[in-house]
Asks: 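Before I ask anything, here is the structure I am working with.
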Amino acid sequence: MSKRDYYEVLGVDKNASKEDVKKAYRKLARQYHPDVSKEENAEQKFKEVREAYEILGDPQKRQQYDQFGHSANQGQGFSGGGFQDFDFDDIFSSFFGGGRRTQRQSNQPRKGQDIQKRMRVKFEEAVHGAKKKIRTTVYEECSSCHGSGAHSKDDVKSCSRCQGRGSVTMEQQTLFGRTRTQTACPDCGGSGKTVNRKCESCGGEGVVGKEKTVSVGVPEGVDTNNQLRMPGYGHKGINGGPPGDLYIVFEVEEDDVFERHGDDLVVEVPITVSQAALGDQIIVPTPYGNVKLKIPQGTQSHKTFRLKGKGMTNIRSKRKGDLHAVIKVMTPTKLTKKQEELFTQLGKTNLETEESIWQKVKSKFTA
């Protein structure tokens, strides 16, 4: 029976990077591993996937395979450069939570799964911090069976396959010969026990989902995609292990007035032509209240003034950024007759200043 193309087996392109090849292998290995998969031909598929990765996961062997195909392993032969990128312990850890030497027993206490939730906060809440509530579903110990998953104590029996140990020894054929590895018992899932009649409340899972309301402290200065870890608010631990954690990922709404750049803010401040020409004291809005700002005579549009400490709080150092006030000189669109006369008179006067932009432009046409 002819072999399938290794790239087809892993579902990757021929130009796939080493990391892409490894990711594809890990995904398929978890899917078809005999201890996990319920598919009828899982073991054959797992061997096929493993063989494909043994070749494509090694740069030198992959190069020879690209050149000679499957015949490279028969006539041309691989150079046997080794498996410098084939991390067996890393692959085993995806199934058993650790390498072959450090594999922990499945019936030992383990931390529960973490939960991730997204929280949308207003700009003002990000500036000053806030207290908000979020609802999440947490899996906790079933109160009917107290986590056993059985209808009664009499329905819990010691696993006949592993004799209550929770693990079995498997033999596998590898490139280095037959190896023996210890893994979770497929019949009892590593618990060492089997259940004859399942608990009606939890369906034999030992846990039930409960919706909870959690109070979340939004820190000052939080930004979009910042993450807050809340220890112990995740799912129930396994075999008496600690509960998992709750991770809050924030999404901060944009503001109509302030534009955010990290810890700094930018605000556009409109002033009149007369204010720009004569100077004035104006009011500038900040997230912490209005402040007065002196505008000197001859202020141009887009001139920027920095107000120190009026930006966002840095979430780590707790120091505040700055607020940058950008001046925008507004040209009037509707004038009274009196105002038109004044602007006409003003236009007849010499408003040029030395090396002014207007003078530089005019010189281009009079030269």
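As the structure is a prediction and not an experimental result, all values here were calculated from the model.
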Asks: When hydrophobic residues are tied together by side-chain contacts of less than 4.5 Å, even through go-betweens, does M312 share a cluster with V121?
Replies: no

Asks: Looking at every non-hydrogen atom in both residues, tell me the closest pair between F250 and V218 and how far apart they are.
Replies: CE2-CG2, 4.0 Å

Asks: Quick check on side-chain hydrogen bond (donor to acceptor under 3.5 Å, both in side chains): which of H235, R229, Q116 does D245 satisfy it with?
Replies: R229

Asks: Report the C-alpha distance between H261 and E259 in whole Å, list the side-chain angles of each, state the deciding distance to 0.1 Å, and finish with yes or no for side-chain hydrogen bond (donor to acceptor under 3.5 Å, both in side chains).
Replies: CA-CA 7 Å; H261 297 272; E259 184 177 304; 2.7 Å; yes

Asks: Could K47 and E51 be called an ion pair, given the rule that one side-chain N must be under 4.0 Å from one carboxylate O?
Replies: no

Asks: Supply the atom-to-atom distance I271 CD1 to I282 CD1, rounded to the nearest 0.5 angstrom.
Replies: 6.0 Å

Asks: Keeping Q300 on the side-chain end and G298 on the backbone end, is there a donor-acceptor pair under 3.5 Å?
Replies: yes

Asks: Using a 4.5 Å cut-off on heavy atoms from C-beta on, say whether the side chain of Q44 contacts that of E48.
Replies: no

Asks: Determine the interplanar angle of the F258 and F123 rings, folded into 0 to 90°, and report it as parallel if under 30°, tilted if 30 to 60°, perpendicular if over 60°.
Replies: parallel

Asks: Can you name the nearest heavy-atom pair linking K45 to Y32, along with the distance?
Replies: CD-CE2, 3.4 Å

Asks: With side chain to side chain contact (heavy atoms under 4.5 Å, CB included) as the test, would you mind laying out the steps for K320 and K310 before giving the verdict?
Replies: CA-CA 7 Å; K320 285 184 169 59; K310 296 299 182 183; over 6 Å; no

Asks: So does K303 have more than 12 non-hydrogen atoms from other groups sitting under 6.0 Å from NZ?
Replies: no

Asks: Can you name the one residue among L293, V269, V326 that meets side-chain contact (heavy atoms from CB on, under 4.5 Å) with F305?
Replies: L293

Asks: Count the heavy atoms of every other residue, nucleotide or ligand shown that sit under 6.0 Å from CD of Q63, and state whether that count exceeds 12.
Replies: no

Asks: Please report the shortest heavy-atom distance between P243 and G234, naming the atom on each side.
Replies: CB-O, 4.3 Å

Asks: Is it the case that atom NZ in K193 sees more than 12 heavy atoms from other parts of the structure closer than 6.0 Å?
Replies: no

Asks: Could you check whether any side-chain N or O of H128 sits under 3.5 Å from a backbone N or O of P287, counting only pairs where one atom can act as donor and the other as acceptor?
Replies: yes

Asks: Within a reach of under 6.0 Å around CG of N290, are more than 12 heavy atoms found that belong to other residues, nucleotides or ligands?
Replies: yes

Asks: Under 4.5 Å between side-chain heavy atoms, counting indirect links through other Ile/Leu/Val/Met/Phe/Trp/Tyr residues: same cluster for L228 and V222 or not?
Replies: yes

Asks: Any cation-pi pair here, K61 with Y65, using under 6.0 Å and within 45°?
Replies: no

Asks: Shortest non-hydrogen contact from M119 to I134?
Replies: CE-CB, 3.8 Å

Asks: Is R316 atom CZ crowded by more than 12 heavy atoms from other residues, nucleotides or ligands, each under 6.0 Å away?
Replies: no

Asks: To the nearest 0.5 angstrom, please state how far the NZ atom of K14 sits from the CG atom of D5.
Replies: 5.5 Å

Asks: Indicate whether the side chain of Y7 and that of N15 have a donor and an acceptor atom separated by less than 3.5 Å.
Replies: no

Asks: Please name the pair of heavy atoms, one in Y25 and one in V49, separated by the smallest distance, quoted to 0.1 Å.
Replies: CD1-CG1, 3.5 Å

Asks: Hey, any chance V266 and V284 share a hydrophobic cluster, counting ILVMFWY side chains that come within less than 4.5 Å of each other, even indirectly?
Replies: no

Asks: What heavy-atom pair brings V216 and M230 nearest, and what distance separates the two atoms?
Replies: CG2-SD, 4.0 Å

Asks: As an exercise, state the distance from CD1 of I248 to OG1 of T136, rounded to the nearest 0.5 Å.
Replies: 7.5 Å

Asks: With a 6.0 Å cut-off (strictly less than), is the heavy-atom count around CD of Q113, excluding the residue itself, greater than 12?
Replies: no

Asks: Can you check whether G221's main-chain N or O pairs, donor with acceptor, with T313's side chain at less than 3.5 Å?
Replies: no

Asks: Hey, what do you get for CZ (F46) to CD (Q31), rounding to the nearest 0.5 Å?
Replies: 12.0 Å

Asks: What about I295 and V291, same hydrophobic cluster or not, with Ile/Leu/Val/Met/Phe/Trp/Tyr joined at side-chain heavy-atom distances under 4.5 Å?
Replies: yes

Asks: Taking E205 for the side chain and C202 for the main chain, is one N or O donor matched with an acceptor at less than 3.5 Å?
Replies: no

Asks: Return yes if some donor-acceptor pair links the side-chain N/O of T194 with the main-chain N/O of C188 below 3.5 Å, else return no.
Replies: no

Asks: Got a sec: does the CD of E254 have more than 12 other heavy atoms crowding it under 6.0 Å?
Replies: no

Asks: Using a 6.0 Å cut-off, check whether atom CZ of R118 has over 12 heavy atoms from anything other than its own residue.
Replies: yes

Asks: Rounded to the nearest 0.5 Å, how far apart are OG1 of T224 and CD of E251?
Replies: 6.0 Å

Asks: I need the single residue from K132, K131, R120 that forms a salt bridge (charged side-chain N to carboxylate O under 4.0 Å, His left out) with E125. Which is it?
Replies: K132

Asks: First locate atom CG of D264, then atom CG of D322, and finally report the distance between them rounded to the nearest 0.5 Å.
Replies: 5.0 Å

Asks: Can L335 be reached from M330 by stepping across I, L, V, M, F, W or Y side chains whose heavy atoms are under 4.5 Å apart?
Replies: no

